[in-house]
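Data first, discussion second: the structure below is written as structure tokens.
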There are 2 protein chains.
Amino acid sequence: MNSKVVTIQDVAIVAGVSTATVSRALSKPEKVNKATREKVMAAVRVTGYRINQTARNLRKKEAGAVVALVPNLGNPFFSSILSGIESVLAKEGLSLLVVDILQTSFEREQAYDYLSMNQADGLLVLDGTLDLTNLNDGSVSSELPPVVYCCEWGTDPRFGSVRVDNHQGSQLAVSHLHTLGHKAIGLVRGPAENRLTAARQEGFEAAILKHSLPLRTEWLIDGGFSLEAGVQAAHQWCALEERPTAIFCMSDEVAFGFISELDRLGFSVPKDVSVVGFDDIAIAERFIPSLTTIRQPRFRIGQEAAGKLLRRIAGEVENRAESEATAHRTVLPVELIERQSTAPVSEKQRAL
Amino acid sequence: MNSKVVTIQDVAIVAGVSTATVSRALSKPEKVNKATREKVMAAVRVTGYRINQTARNLRKKEAGAVVALVPNLGNPFFSSILSGIESVLAKEGLSLLVVDILQTSFEREQAYDYLSMNQADGLLVLDGTLDLTNLNDGSVSSELPPVVYCCEWGTDPRFGSVRVDNHQGSQLAVSHLHTLGHKAIGLVRGPAENRLTAARQEGFEAAILKHSLPLRTEWLIDGGFSLEAGVQAAHQWCALEERPTAIFCMSDEVAFGFISELDRLGFSVPKDVSVVGFDDIAIAERFIPSLTTIRQPRFRIGQEAAGKLLRRIAGEVENRAESEATAHRTVLPVELIERQSTAPVSEKQRAL
DNA sequence: CATATACATGTAATCGATTGCAGTCAAAAT
DNA sequence: ATTTTGACTGCAATCGATTACATGTATATG
């Protein structure tokens, strides 16, 4: 029938009404007479009309989309979060634009290009190292753009953030190991510049002190969040004169790399060393040994972050009676998942 | 300075030229006098002008974005592919819209909403079960919309597709096991309705026959692509009267579930049974035992698919001297990665 | 019966950039 | 000197939907 694109005009003609009425019938049905509405709907069906989002967005000065800035899409840790984000956005009819910072050779400035170019209504930042302070400089100076950190947080306390209680996570890990009788507990840190690393290390050290355990700097191993970092860490552990009988890794991936390389080096987990991870990604339950870890509710983090962003976009200020700062920050609890990679400290281990 | 949004008008005024000139200076610099161009650029800088993508898209009838339909964003298998897609799109200045079909309770019809609503210039489909034949019905009937299947393929041969040689993958797996002396080789299938499952099974059976090995239906275990499916499969294997000494799993995830559950049931890989996976996701190298598997170049698949889609959007017909059908389909080679989950068949195994 | 009120609909401006067409002007060709 | 050519630039229409405002009609009120 129609070789051309069907516009609201065509529908109007077929329905015998004005374009304004068609528009209203579609977006504000209650403002239009029932009979008219049905005429319009019929015309829509006949013509096969589909709304042109671009035109609508231009007029309404919206983008209908939200950008998620991901440090590395290839990392499975982020996929569940994105999934959670999607689930919320989809319900509101918003699209999710995914930007892989690694792949894009992402410049800091580009962060808000998406906002200023009307490509997105808001920003979800999954990488804390991306500092967005200059978001305040631009032409939008007066208003705070809708930005929510996800699993992360930035310097400006006015930006929203959704994350877990990292401090608590470390505490749980250490307490668990302490309960199992471990006294020599080491740490494989995340990336050096990362905020998460700092927070978890802080929690770790606090917990160590709380339990009056020794805190040795040589037991603080530099790592990262990757498998490879875990492999390196294994060699470091191995080279230690006095080896900790338990290790807390700041991510499951490092833990896997660590355990795997240990295995190749002839050590066994948890017999020779207990290992606790962080995240509880899917494979943690099925690794051999299954991994004791701190569960982050990743899907939920995504959902909460998306929800918070949506509220900001809608202009709802979050002013629950709480203080300014905490109103912007949502902190979700973590959970210790006990599995096979941790075990009571053995005689043989003590002997070392 | 500017409380309002800066438009091309403002730039034009500051530069003392018309909006047309500004537009040209920005998008077709060569069509504008150097002096003028510099005036414009200066004005852009002064005003802090940012182009409004929505307006541009409306006028140019483009969307500046591509949609990727993902069956389950939470599955790490897809993240690398998305990463590859992103890397190509970013270079062209296109955005990537990610739609999680699971989370969106995705209706088939919505697949081309994105196209018809001008939200996307093309579609990347990572799920073969999503049949897009009705894309031909709509108002766009005459022209084939830019759609490329990624790791998958659909019924309409005119849609593009980029995938690996699944047949070959199965062959490699079986040959490898055969070389190790295995005669009783089982298969854990993927999801029943899935095209990949069919293709890989076909390749598997062909290879089994080629090597004159026994093909027993009870050795064809129903599975899926998930960890859980692998767990189930382990029980099935266990319940078998005559157990295959080697199992080919249609995905790494199933393989992990399978091996893990076997471990819990008191069996060991590769001692009691050799296992080959498919995909070679990152953790495969670090699983214990490390997983022998068929590597899919996932990042590259994403790149190729994005490239192909881009070409289709640009309207370049792919008419390399090849036949119509094959021109649309890119088939990438796979690779056998030998690791520790497979071993020569042992005396004890033969005894069973 | 006249006026107020609410509701339904149409008219036309608007969102911000792009681009076909026409006009200007100087350099090159005749 | 006149015409041709070509390079720039500006005018104004256009993309498709939304919405403020105006208009018209029916019902309620005094």
Side-chain angles (χ1 to χ4, degrees), chain A residues 2 4-41 43-44 47-64 93 113-121 139, chain B residues 2 4-41 43-44 47-64 93 113-121 139:
Chain A
N2 315 288
K4 306 292 173 192
V5 180
V6 183
T7 77
I8 206 171
Q9 289 274 2
D10 305 318
V11 179
I13 293 170
V14 172
V17 298
S18 73
T19 61
T21 302
V22 176
S23 174
R24 277 187 291 249
L26 261 30
S27 44
K28 311 190 184 82
E30 76 285 357
K31 306 220 68 169
V32 113
N33 185 286
K34 191 170 173 228
T36 321
R37 197 192 317 152
E38 278 161 8
K39 263 196 305 188
V40 172
M41 291 317 188
V44 167
T47 54
Y49 170 75
R50 320 246 73 194
I51 196 172
N52 182 321
Q53 280 293 349
T54 310
R56 169 199 281 245
N57 289 339
L58 173 59
R59 182 59 225 248
K60 299 183 83 170
K61 294 196 174 191
E62 295 177 351
D113 271 17
Y114 289 96
L115 294 176
S116 58
M117 305 202 335
N118 226 262
Q119 297 233 84
D121 297 319
S139 43
Chain B
N2 315 289
K4 307 292 174 192
V5 180
V6 183
T7 77
I8 205 171
Q9 288 274 1
D10 305 319
V11 179
I13 292 172
V14 172
V17 299
S18 73
T19 61
T21 300
V22 176
S23 174
R24 279 188 288 252
L26 261 29
S27 43
K28 314 189 182 79
E30 76 284 1
K31 308 220 67 169
V32 123
N33 185 286
K34 190 168 175 228
T36 323
R37 197 191 321 151
E38 277 162 8
K39 262 196 306 185
V40 172
M41 292 314 190
V44 167
T47 55
Y49 170 75
R50 322 246 70 196
I51 196 172
N52 182 321
Q53 280 293 350
T54 309
R56 168 199 282 246
N57 290 338
L58 173 59
R59 180 59 225 244
K60 301 183 82 173
K61 295 194 174 193
E62 296 177 351
D113 273 18
Y114 290 96
L115 294 176
S116 58
M117 306 203 330
N118 226 262
Q119 297 232 84
D121 297 320
S139 44

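Note that this is a predicted model, so its numbers are computed, not measured. These values consider heavy atoms only, across backbone and side chains, with no hydrogens, waters or symmetry-generated copies. Residue numbers start from 1 in every chain, and the chains themselves are labelled A, B, ... in the order their sequence lines are given, proteins ahead of strands.
Not one side-chain nitrogen or oxygen of A:Thr7 sits closer than 4.0 Å to the OP1 or OP2 atom of D:dG16. Within the structure, a side-chain polar atom (N or O) of B:Tyr49 is placed less than 4.0 Å from OP1 or OP2 of C:dA17. Contact check, B:Lys61 against D:dG16: a side-chain N or O comes under 4.0 Å of OP1 or OP2. Between A:Thr21 and the phosphate of C:dG10, there is a side-chain N or O to OP1/OP2 separation shorter than 4.0 Å. Residue A:Arg59 places none of its side-chain N or O atoms closer than 4.0 Å to OP1 or OP2 of C:dT14.
At least one side-chain heavy atom of B:Tyr49 sits under 4.5 Å from a side-chain heavy atom of B:Leu26. Put simply, the side chain of B:Ile51 reaches to within 4.5 Å of the side chain of A:Met117, judged on heavy atoms. In this structure, the side chains of A:Arg50 and B:Asp113 come closer than 4.5 Å at one or more pairs of heavy atoms. The side-chain heavy atoms of A:Arg56 and A:Gln53, taken from C-beta on, include a pair separated by under 4.5 Å.
In this structure, B:Val17 reaches the sugar-phosphate backbone alone: every heavy-atom distance under 4.0 Å involves primed, P, OP1 or OP2 atoms, never a base. At the heavy-atom level, A:Ser23 lies under 4.0 Å from base atoms of the strands shown. Counting non-hydrogen atoms under 4.0 angstrom, B:Leu26 reaches nothing in the nucleic acid. Counting any heavy atom pair closer than 4.0 Å across all strands shown, B:Val32 reaches sugar-phosphate atoms only and no base atom. Among the protein residues, B:Lys34 comes within range of no part of the nucleic acid, since none of its heavy atoms lies under 4.0 Å from any strand.
The interatomic distance linking B:Asp10 (CG) with C:dC15 (C1') rounds to 14 Å, in whole Å. Rounded to whole Å, atom P of C:dA17 lies 12 Å from atom CD1 of B:Ile13. Atom P of nucleotide D:dT19 and atom NZ of A:Lys31 are separated by 11 Å, given to the nearest angstrom. Atom CD1 in A:Ile8 sits about 17 Å away from atom P in C:dA12, given to the nearest Å. To the nearest angstrom, C1' of C:dG16 lies 13 Å from CE of A:Met117. As rounded to whole Å, 17 Å separates atom P of D:dG6 from atom CD of B:Glu30. Remark: P of C:dT24 and CG of B:Asn33 are 19 Å apart, rounded to the nearest angstrom. Spacing between atom CD of A:Gln53 and atom C1' of D:dG16 amounts to 12 Å, rounded to whole angstrom units.
Set against C:dA17, C:dT18, C:dC15, the side chain of B:Ala55 has C:dA17 as its closest nucleotide. Comparing atom distances between the A:Ala20 side chain and each of C:dT18, D:dT19, C:dG16 picks out D:dT19 as nearest. The side chain of B:Lys28 lies closest to C:dT19, out of D:dC15, C:dT19, C:dA12. When each of C:dT19, D:dC8, C:dA8 is scored by its nearest atom to the side-chain atoms of A:Thr36, the top-ranked nucleotide is C:dA8.
Two residues, B:Ala35 and B:Leu58, neighbour DNA chain D, and the one matched to the more 5' nucleotide by heavy-atom proximity is B:Ala35.
To the nearest 0.5 Å, atoms CZ (A:Arg24) and NZ (A:Lys31) are separated by 8.0 Å. Between atom CG of residue B:Leu58 and atom CG of residue B:Asn118 there is a gap of 8.0 Å, rounded to the nearest 0.5 Å.
Residue side chain A:Arg24 reaches the base of C:dG10 through a donor-acceptor N/O pair under 3.5 Å, judged by distance alone.
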